[in-house]
Amino acid sequence: MTTTTCPFCAVGCGLVLDVAGGRVAGVAPERAHPVSRGQLCAKGWNAAQFLASPERLTRPLLRRNGRLEPVPWDVALATAAAALATARREGGSDAVGVVASARATNEDAFAAMKFARAVLGTNNVDHCARVCHAPSVAGLRRTLGSGAMTNPIADVDETDCLLVVGADVTENHAILGARILAAHERGVPLLVVDPRRTRLARAADVHAQIRLGTDIAFVNGMLHAIFAHGWEDGAYLDARCENVDALRSSLARWTPDEAARVTGVPAATIVDAARLYAASRRGWLAYGLGVTQHVSGTETVIALSNLALVTGNVGVVGGGVNPLRGQNNVQGACDMGALPDVYPGYQPVDDPAVRRRFESAWGVALPSAPGLTSLAMQHAAYDGRLKTLLVIGEDPVVTDPGGRFVARALGRLDCLIVAELFLTETAKIADVVFPAASFAEKDGTFTSTERRVQRVRRAVAPPGEAWSDWEMLEALAMRCGRPMGLRDPAGVFAEMAALTPIYGGMSHARLEASGGLCWPCPTATHPGTPRLHEAGCVRGRGRLIPVDQTPPAELPDAEYPLQLTTFRLHHQYGSGSMTRRAPLLERENPRGLVWIHASDAARRRITTGAPVRVRSRRGEVTTRAVVSDDVPPGVVAMPYHFAEASPNLVTNDALDPIARMPELKVCAVAVEAC
Ligand SMILES: Nc1nc2c(c(=O)[nH]1)N[C@H]1C(S)=C(S)[C@@H](COP(=O)(O)OP(=O)(O)OC[C@H]3O[C@@H](n4cnc5c(=O)[nH]c(N)nc54)[C@H](O)[C@@H]3O)O[C@H]1N2
Ligand SMILES: Nc1nc2c(c(=O)[nH]1)N[C@H]1C(S)=C(S)[C@@H](COP(=O)(O)OP(=O)(O)OC[C@H]3O[C@@H](n4cnc5c(=O)[nH]c(N)nc54)[C@H](O)[C@@H]3O)O[C@H]1N2
Ligand code: SF4
Ligand SMILES: [Mo]
């Protein structure tokens, strides 16, 4: 029996792997786990199914005469190191880049970050947070001083009001979703802001079914009503916030009627939502990708932060601004500095004092200018500026926007190196593929959405010749002539903790206990910090910043009359590489689908199950229809787990100017029967 952490979403449930004959024979929930408390969702129960799939990569692969062929590790490492050396010689250090994984451990992410900076000499390092919660990191840093979830999941049981904006919690953070529903059943008011009628929306007291990309108008309308009725927390604003007058005067035009005109939600509903949230003693505000995956993503995060501050809900039990982080270790991959502008612990690369500390710890000169984001690396590859790219545990060909651009851009690299469990669509076009060990085959840690750092433990040996990502990176560093000195996961963690104040008091030994510790945990005796900003905001005063509604980059017109949004299915995960190899999960939703309202379907003679074509200015995709009033007229919605029917063939890559996040949640499309 090996106790470990679920490898899917960032709720971070505890699970126990039952090992027999060198294989994982079963999965059970960890009864004593402080968050999941003996529960698992469908994915957790099936977390071991993919491990022994015959499709697991077991040997390194090298492209020879156009085909990927198995080769010894030595050969694959030598080829990858030579490609990195050639690219740096010809194009300089910034001609190479690294994409880290939010699915692998903190130790793997730290190794990827160190490999980019200390071995390759570039800050070109990023990961899937770019297309996920980069606007939370940017927005909440500006307003509160820290981009992470402020309050723990357990505060759902301590609150007087639940406000969920653009998050499908029962499907995507299922064990948290169940806790929200239970609180609601005990009488806590539940408000949901979502253009789709989600399971949570159906149960809610108020479902604000807003038009796509109009959240700022909605929140500003709420704030207008709050100030108009005197529902703000005046004492809190005086004591703990700045810029109150600027915010208040910026709201003049956002009367509930004006907000209603823009959002399509009745003015009375907006006032109702404002009253319920503001009049409650404490309100737990959570949000997801419906907020972040827009060109206005960072500003929408700021608007939500304004709302929580004006009502005195930051730094208090049962309150908070809570971005529901997605991947099992995306919080960790951000914390580890797998981002182009910061070292571990959000220490800026362009701060000379910080840089000197890392330079003296590692004994190398480090680059000072922030690097390229993952999407900018694709553009640089397309333009020939980036020549060799290492992608660890990510499938951008399926999961990044912009039609076939990603594959075309990666195809122009001199060398694409991929570390993976499976031969994904991205691995298929690689030049070198390294087989990676999965969560059940290595030691390390994951950091959950509530900043909870928990142990991941090796239960079985990796298949064939698969290695942990950090081991591969150390071996590659050695071939590059600059060993990193990483010896084992506990040692990697210790090196990281010594350089990262928020993790400074943690070690593998301290994390042995169930549930681990929440950061910041600066000293060896510090108990961890489940709730941020309690003694005032991390940045000092909470900063209120006026923001205004910006429309989505692409609006419907005669040629593309519908709006496409994207979402997730409970039984599938990400690009599907793991869930589609779990028979009990795959059978629930074995193929791509598009949800369409009955009125739009009838006009196009589309019925449920019918094949349909979805077209945008960037491409087209064929899939099957689900006729349903879960989506409003004028909106169609696709899940993104199916490579053969990927909405990213049509989604828009227009960017949020602050966080460089693409607008994955709305673009204009035409839909027709085919
Ligand atoms: N089963 C499953 N669980 C997962 C994942 C998975 O793939 N499968 N992925 C994980 C990851 S990486 C992440 S980041 C999380 C994501 O979890 P969520 O944040 O819940 O992600 P989505 O379902 O993509 O989008 C959330 C909601 O935003 C709504 N929405 C779309 N546009 C707008 C808008 O303009 N305004 C508002 N208010 N809402 C809008 C959609 O209708 C949808 O219900 O889930 C994690 N959990
Ligand atoms: N249209 C649309 N597109 C989206 C989104 C959306 O809502 N709509 N959501 C976006 C979001 S929020 C995210 S997070 C991204 C996710 O995009 P990706 O990160 O590309 O998706 P995953 O399926 O999680 O891919 C992770 C890969 O890591 C591999 N893997 C798992 N564990 C390990 C490990 O330990 N080591 C290594 N080397 N590999 C491992 C898996 O096999 C899998 O292929 O998609 C984004 N794309
Ligand atoms: S809620 Fe998330 S962490 Fe918990 S079992 Fe389900 S997928 Fe795993
Ligand atoms: Mo995500």
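Side chains are part of it too, since the values below use all heavy atoms of this structure and drop only hydrogens, waters and symmetry mates. Whatever order the structure lists ligands and atoms in, that order sets their numbers, starting from 1. Everything quoted here is computed from the prediction, not taken from an experiment.
- By the 4.0 Å N-to-carboxylate-O rule, R618 lies too far from D653 to be salt-bridged with it.
- F567 carries R196 over the face of its six-membered ring, with the cationic atom under 6.0 Å from the centre and within 45° of the normal.
- Judged by distance alone, with hydrogens and angles left aside, the side-chain atoms of D557 form a donor-acceptor pair with the main-chain N or O of Y560 at under 3.5 Å.
- Considering only non-hydrogen atoms, atom 3 (N) of ligand 1 lies nearest to N172 out of N172, V131, T399, T214.
- Any N or O atom pair closer than 3.5 Å counts here, and Q327 shares no such pair with ligand 1.
- For Q293 (side chain) and E663 (main-chain N/O), no donor-acceptor pair under 3.5 Å exists by modelled atom type.
- For ligand 1, none of its N or O atoms has an N or O atom of R211 under 3.5 Å away.
- Residue contacts with ligand 1 leave out Q293, since none of its heavy atoms falls under 4.0 Å from the ligand.
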Before giving the answer on salt bridge (Lys or Arg N to Asp or Glu O under 4.0 Å), spell out for D443 and R455 the whole-Å C-alpha distance, their side-chain angles and the decisive distance to 0.1 Å. CA-CA 8 Å; D443 281 300; R455 279 299 314 272; 2.8 Å; yes

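- Between R568 and P639 the shortest side-chain heavy-atom distance does not fall below 4.5 Å.
- Looking at ligand 1, you won't find any N or O of V165 less than 3.5 Å from one of its N or O atoms.
- Interface atoms of ligand 1 facing L569, defined by a heavy-atom separation under 4.0 Å, are 1 (N), 2 (C), 8 (N).
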Show your working on side chain to side chain donor-acceptor pair (under 3.5 Å) between N328 and R103 and close with a plain yes or no. CA-CA 6 Å; N328 54 318; R103 307 299 304 279; 3.1 Å; yes

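- For atom 11 (C) of ligand 1, the nearest non-hydrogen atom from the set G166, P195, G326, A42 belongs to G326.
- One option in V635, V11, D215 has a heavy atom closer to atom 36 (N) of ligand 1 than any other, and that option is D215.
- Put simply, the side chain of H133 never gets that close to the backbone of S136: no donor and acceptor are under 3.5 Å apart.
- Listed for the T623 side chain is a donor-acceptor partner under 3.5 Å among the backbone atoms of G592.
- The shortest contact between atom 35 (O) of ligand 1 and any protein heavy atom is with G213 N, 2.7 Å.
- At a 3.5 angstrom cut-off on N or O pairs, H173 does not count as close to ligand 1.
- Using a 4.0 angstrom heavy-atom cutoff, V291 does not count as in contact with ligand 1.
- At least one heavy atom of D194 sits closer than 4.0 Å to an atom of ligand 1.
- The closest donor-acceptor contact from the side chain of K665 to the backbone of T566 lies under 3.5 Å.
- Remark: among candidates R568, Q572, E663, the nearest residue to atom 8 (N) of ligand 1 is Q572, based on non-hydrogen atoms.
- Put simply, the side chain of T292 gets close to the backbone of C132: a donor and an acceptor are under 3.5 Å apart.
- Remark: ligand 1 atoms within the under-4.0 Å shell around heavy atoms of G574 are 6 (C), 7 (O).
- Protein N/O/S atoms nearer than 2.8 Å to atom 2 (Fe) of ligand 3 total 1.
- Here the shortest heavy-atom distance to atom 4 (C) of ligand 1, taken over Y640, F567, Y573, belongs to Y573.
- Panel note: side chain H207, backbone L191; no donor-acceptor pair is recorded below 3.5 Å.
- Look at H133 and you'll find every heavy atom at least 4.0 Å from all atoms of ligand 1.
- Using a cut-off of 4.0 Å between Lys/Arg side-chain N and Asp/Glu carboxylate O, K442 and D469 are scored as salt-bridged.
- When atom types are taken as modelled, the side chain of R452 and the backbone of C518 share no donor-acceptor pair closer than 3.5 angstrom.
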